[in-house]
Amino acid sequence: MGSHGLSRRGCQELGKPLREEWSFMDEIEGDRYHHKDNQGGRIPLFIAENVLGWAELRKKFAKVPQLDTIDDWALKYTEVTGHPELRAVLARFAARNIARAEIELDPALFAVSSGATAILELISWILCESDDVVGIPAPAYPVYTKDINIKANLQRLDIESKPSSGCTPGIHPISLEDIVKAHESRPCRMIILTQPDNPTGAIYTQEQLRSICKWGIENQIHIVVNEIYALSSIDVTNEVISKDYGEYGNTPFSSVLPIIEEEKSDYLHWIYSFSKDFGMSGFRVGVLYTRNETLISAVGNVGGPHEVSNQTQWTLMHLISDTKWIDYYCSHIRARLTESYALAVSTLKRLGIPYSASRGSLFIWMNLGGLLSGNDETELWHTVYQSTKILLTAPGSFGNSEKGWLRMVFTCVDADELTEALTRFSQFYETAVAAQKK
């Protein structure tokens with residue numbers, strides 16, 4: 001046994017923090033910025049949370065039926081994959097608001113669990129064997145590595161697009177050829193796509209999705225499409241950012257859900273959660289949809305430790321069944337998301353900092369390579385924090401080969417706090433560039 005009675009496995013995880021940024025959380029919370037009481041305080045811009053719609057959420061929650069009217073099923077045990085009433089509402093919600101197509105999704109093929117992380121961990125364990133390889137277009141969410149490895153013991157393969165692929169603003173540069181080439185070098189059991197992408201904000205065209213899905217089906221490789229940012233879209237007609245996209249700004253977001261319905265394959269799977277678009281990360285609700293009935297049965301058999309509380313299911317059911325409110329919320333959140341994104345991008349434009357033109361999600365992927373001393377991104381990340389009290393997402397685990405790219409989350413603070421952060425960041429960057437010229 002290991003230290004303090006832990007197993008070797010437990011001891012190994014002691015030295016692997018979930019995220020490097022968490023070590024700063026006590027310091028940040030003890031000195032948090034406030035526009036009146038602590039104007040020199042610290043500002044966290046690293047965690048993928050969305051506070052921009054909380055005012056609307058609070059108003060809506062005040063109208064949700066009170067607990068004295070709660071249905072009997074919410075007080076009992078229910079199906080591990082979620083109560084049938086919630087799954088029926090989820091089917092209508094996903095078809096109407098995310099697929100945006102005249103399709104009928106089968107409620108019996110939905111499963112809910114305690115967050116998208118739990119869904120991915122479960123299906124990784126069920127669909128793959130230990131040491132199987134999972135291909136992920138890079139750069140990509142760092143914690144995917146733990147999601148697929150801690151329990152399922154899968155290996156992450158970051159797949160970068162070849163330089164000749166070019167760059168279409170707002171469209172993911174990965175091609176089927178890139179994926180096939182990576183698979184030939186290290187055979188993959190699963191491919192994970194995130195759209196809109198984390199961290200770049202890029203979307204996949206319907207043609208990209210269709211070609212990757214067909215290849216996966218033909219080669220019996222599981223294609224998992226994570227659409228947890230599906231409703232966090234940016235209005236590309238905004239005058240600050242419209243020129244970033246050119247003719248490609250008209251390319252619509254295309255969900256994989258209609259393709260899943262067309263193909264009816266055991267190898268296509270869709271993930272969603274209410275943590276990002278709706279800013280309800282504390283609710284811990286992740287959603288799986290697949291035509292693979294055996295997978296849903298297996299999730300029901302092993303997903304007990306990841307169940308969502310029935311009270312949460314009941315509350316969420318009332319929230320998303322109100323289609324009029326959903327339309328209202330999505331309209332408001334898109335406007336605020338665009339406003340915050342444009343505010344941040346206008347600062348980067350003025351400073352001459354390259355960035356990835358985003359179509360959605362909560363992030364800006366920016367290139368601070370011009371400030372790198374040698375090749376140490378972590379040192380640069382620490383320097384930004386020490387100089388500005390702004391904590392960006394820790395670099396080094398996104399899988400990108402080009403150094404200097406850092407992720408900023410622009411939705412985890414309100415507009416006032418974001419403005420303060422951008423002012424400090426501008427001062428830091430201009431000072432650093434001036435120092436280089438001396």
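These numbers were taken from a predicted model, which means no experiment stands behind them.
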Report yes if some heavy atom in the side chain of D31 is under 4.5 Å from a heavy atom in the side chain of E27; otherwise report no.
-> no
Ion pair present between K63 and D322, side-chain N to carboxylate O less than 4.0 angstrom?
-> no
Sub-3.5 Å donor-acceptor pair from the side chain of K60 to the main-chain atoms of L319, do we have one?
-> no
Pair N198-Y144, side-chain donor/acceptor within less than 3.5 Å = no
Would you say the side chains of T251 and R359 form a donor-acceptor pair under 3.5 Å?
-> no
From the list Y141, Y341, W405, ring pair (Phe, Tyr, Trp, His ring centres under 6.0 Å) with W365 holds only for W405
Look only at the side chain of D132 and the backbone of E129, and say whether a donor-acceptor pair between them is shorter than 3.5 Å.
-> yes
Please answer whether the main-chain N or O of N97 pairs with a side-chain N or O of R100 as donor and acceptor at a distance below 3.5 Å.
-> yes
SB check D244 K349 (cutoff 4.0 Å) | yes
May I have the step-by-step check of side-chain contact (heavy atoms from CB on, under 4.5 Å) for D416 and Y33, ending in yes or no?
-> CA-CA 11 Å; D416 170 77; Y33 167 83; 3.2 Å; yes
W270 and F110 aromatic ring geometry - parallel, tilted or perpendicular at 30°/60° bounds | perpendicular
Between K146 and E13, does at least one N-O distance fall below 4.0 Å, as a salt bridge requires?
-> yes
Closest non-hydrogen atoms of I119 and V112, given as atom of the first, atom of the second and distance, are CD1-C, 4.4 Å
Does the pair Q313 and L90 meet the rule for a side-chain contact (heavy atoms from CB on, under 4.5 Å), with working shown?
-> CA-CA 11 Å; Q313 293 188 47; L90 283 170; over 6 Å; no
Roughly how far, to the nearest 0.5 Å, is the OH atom of Y229 from the CG atom of L362?
-> 5.5 Å
Supply the atom-to-atom distance I191 CD1 to I159 CD1, rounded to the nearest 0.5 angstrom.
-> 4.5 Å
Between CZ on residue R189 and CD1 on residue I148, distance to nearest 0.5 Å = 14.0 Å
Give me the one residue out of R210, R291, K214 that meets side-chain hydrogen bond (donor to acceptor under 3.5 Å, both in side chains) with E263.
-> K214
Taking the side chain as every heavy atom from C-beta outward, state whether F93 and I98 have any atom pair closer than 4.5 Å.
-> yes
Within the distance-only criterion (no hydrogens, no angle test), does the side chain of Q220 pair as donor or acceptor with the backbone N or O of Y267 below 3.5 angstrom?
-> no
Between H183 and C188, is there a donor-acceptor pair closer than 3.5 Å when you use the side chain of the first and the backbone of the second?
-> yes
Indicate yes or no for a side-chain donor-acceptor contact from Y204 to the backbone of T194 under 3.5 Å, with no hydrogens or angles considered.
-> no
Do Y385 and F46 have ring centroids that are under 6.0 Å from one another?
-> no
Let me see the working for L337 and F410 under side-chain contact (heavy atoms from CB on, under 4.5 Å), right down to the final yes or no.
-> CA-CA 8 Å; L337 193 81; F410 62 88; 3.9 Å; yes
Consider only side-chain N and O atoms of E227 and Y289, and report whether a donor and an acceptor are under 3.5 Å apart.
-> no
Is there a donor-acceptor contact under 3.5 Å linking the side chains of D277 and Y272?
-> yes
Ignoring hydrogens and geometry, is there a side-chain-to-backbone donor-acceptor pair from S273 to G286 under 3.5 Å?
-> no
To the nearest 0.5 Å, atom CD1 of I333 lies from atom OG1 of T338 at 10.0 Å
Reference residue T411; test side chain to side chain contact (heavy atoms under 4.5 Å, CB included); the match among N50, L45, I47 | N50
Electrostatic pair E430-R350, nearest N-O below 4.0 angstrom | yes
Is any side-chain heavy atom of I217 less than 4.5 Å from a side-chain heavy atom of L268?
-> yes
Enclosure of Q436 CD (heavy-atom neighbours >12, cutoff 6.0 Å) = yes
Indicate yes or no for a side-chain donor-acceptor contact from D147 to the backbone of T117 under 3.5 Å, with no hydrogens or angles considered.
-> no
side-chain contact (heavy atoms from CB on, under 4.5 Å) between T237 and S242, worked out | CA-CA 5 Å; T237 66; S242 59; 5.5 Å; no
Any donor-acceptor pair under 3.5 Å linking the side chain of R156 with the backbone of P142?
-> yes
Salt bridge or not for E420 and R424, using N-O below 4.0 Å?
-> yes
Measure from the ring center of F61 to the ring center of F283 and say whether it is less than 6.0 Å.
-> yes
Is the shortest heavy-atom distance from the side chain of N149 to the side chain of Q155 under 4.5 Å?
-> yes
Do S340 and L52 touch side chain to side chain, with heavy atoms closer than 4.5 Å?
-> yes
Determine yes or no for a side-chain-to-main-chain donor-acceptor pair under 3.5 angstrom, with N367 supplying the side chain and Y355 the backbone.
-> no
How far does CG of L391 sit from CD1 of I43, to the nearest 0.5 angstrom?
-> 11.0 Å
Would D178 and S175 count as having a side-chain donor-acceptor pair, cut-off 3.5 Å?
-> yes
Starting at OG of S185, measure out to CG of L157 and round the result to the nearest 0.5 Å.
-> 6.0 Å
Close side-chain approach of P137 and L193, heavy atoms under 4.5 Å = yes
